[in-house]
Protein chains: 2
Amino acid sequence: MVDHTVRSFDAELEQLDRHISEMGGIAEKMLADAMDALATMNVELAQKVIATDVRLDALQRTIEDMAVRTLARRQPVAVDLRDVVGVIRISADLERIGDQAKNIAKRAAKIAGESRIPRAVIGLKSMHDLAATQLNDVLDAYAQRDVERAKAVWNRDMELDQLEDSVFRDLLTFMMEDPRNITFCTHLLFCSKNLERVGDHTTNIAETIAYIVTGASLPGERPRGADSATSP
Amino acid sequence: MVDHTVRSFDAELEQLDRHISEMGGIAEKMLADAMDALATMNVELAQKVIATDVRLDALQRTIEDMAVRTLARRQPVAVDLRDVVGVIRISADLERIGDQAKNIAKRAAKIAGESRIPRAVIGLKSMHDLAATQLNDVLDAYAQRDVERAKAVWNRDMELDQLEDSVFRDLLTFMMEDPRNITFCTHLLFCSKNLERVGDHTTNIAETIAYIVTGASLPGERPRGADSATSP
């Protein structure tokens, strides 16, 4: 009887993990598609991303309901409790990452008709490459419950902040060169903020992994690059 | 013995509520001070806000630890379980609101030396007035467990999105009028985003109140004004 109960709890945790994996995969694809839509002015792809966000939100609610029911029924303690609390947090961060992708897609649909400045989009691509790598790494770290790998993601977020600063400076330069660039570059500025926030949520997931495994958070303030709220 | 146990759980919930109240008050003050610092170019006040965020983050971790311990020890069910899960969520949203205030303060410190465009700051003040009212209302709604009041906050978020759109249009106009306005206005654009996000987190708190009281979320998509990711 006890064995059966333990296996049931493990089975519920495994199901929650599968849902987290599923959410992670959807969020990764949304981000890639949103950036693709932005770079190629593909309105249809942008709309597909916006529609997918509904699915992601529904999955997050499913995970949260299941986790809360597990808390109620299984009444876990210690590391099992942290596992379930961790799932609630991670699903919330993945849902927010999906929102950032959706916002990028909305802007892509909006500015598809505007005159583009290809060099302005290049900086954003670098940000996306790093953000996508970080997200992939942190999802792997979660699957492996690997704290060292989570710490590496946490530390690397500083690079994304630094990239954001240089994108900010470049976009400001384009705007000052020619007022006709202003609208387009302003939208790209917001996209760079969306990508920086994907990085923040990815770092939150890294912290949650450390919390699940060790019961403690990662030490100290998150490392920051050049202050991301400022430009030199 | 049973009575004693029930009172202990109630006492823990009351303590959690007091902490939430405290967090709410700190977040409200940080927001007001950050906007004040921005409007009056008060670097010292901006730095005070930035320092206060550390205290807010610590309080959020305290609440979360206490809530998780309550889940483990009291093993609550039904509405009591939702109370505790709700506290975890609300403390996370209040911590994010504090982050938004801190980001506004950082920009205020950054642009204090720049030439100002008073009319550009006026739109932001309107956004802040509404965001501050919403936050205050939702904290009251939580203290009263008042779902109708929470719903009103949730519905009113659309006004904030509409305000953000008009601020966006105005700032774009100022930037196109004169390239020397671009840097200052770009920072204000980000501040308007910070305020819009305060509204989002306030709306999340409204949804959590509905979840605590009814076990269900607020119906349908959050009402949106003119799409906040776009400008006409």
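The basis for the numbers below is simple: all heavy atoms, side chains too, and nothing from hydrogens, waters or symmetry mates. Order of the sequence lines fixes the chain letters, A, B, ..., with proteins taken first and strands second; residue numbering starts at 1 for each chain. Remember, predicted model here, so these are calculated numbers, not experimental data.
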- prompt: Could you walk me through whether B:Thr186 and A:Leu189 pass the side chain to side chain contact (heavy atoms under 4.5 Å, CB included) check?
  reply: CA-CA 9 Å; B:Thr186 304; A:Leu189 264 178; 3.1 Å; yes

task: Step by step, work out the side chain to side chain contact (heavy atoms under 4.5 Å, CB included) result for A:Thr183 and B:Met176.
output: CA-CA 9 Å; A:Thr183 303; B:Met176 289 193 261; 3.9 Å; yes

task: State, to 0.1 Å, how close A:Met175 and B:Ile182 come at their nearest heavy-atom pair, and which atoms those are.
output: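 Closest heavy-atom pair between A:Met175 and B:Ile182: O-CD1, 3.4 Å.
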
query: Relative to chain B, which segment of A:Val85 carries a heavy atom at a distance below 4.5 Å: side chain, backbone, both, or neither?
result: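 A:Val85 touches chain B through side-chain heavy atoms alone.
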
query: So how far is it from B:Arg197 CZ to A:Arg197 CZ, rounded to the nearest 0.5 Å?
result: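 One finds 3.0 Å between CZ of B:Arg197 and CZ of A:Arg197.
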
task: Please work out which of the three classes, parallel, tilted or perpendicular, describes the rings of A:Phe190 and B:Phe190, given edges at 30° and 60°.
output: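 Aromatic pair B:Phe190/A:Phe190 classed perpendicular.
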
- request: Select, from A:Arg180, A:Arg61, A:Arg82, A:Glu64, the one with the greatest count of heavy-atom pairs under 4.5 Å involving chain B.
  value: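 Of A:Arg180, A:Arg61, A:Arg82, A:Glu64, A:Glu64 has the most heavy-atom pairs under 4.5 Å with chain B.
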
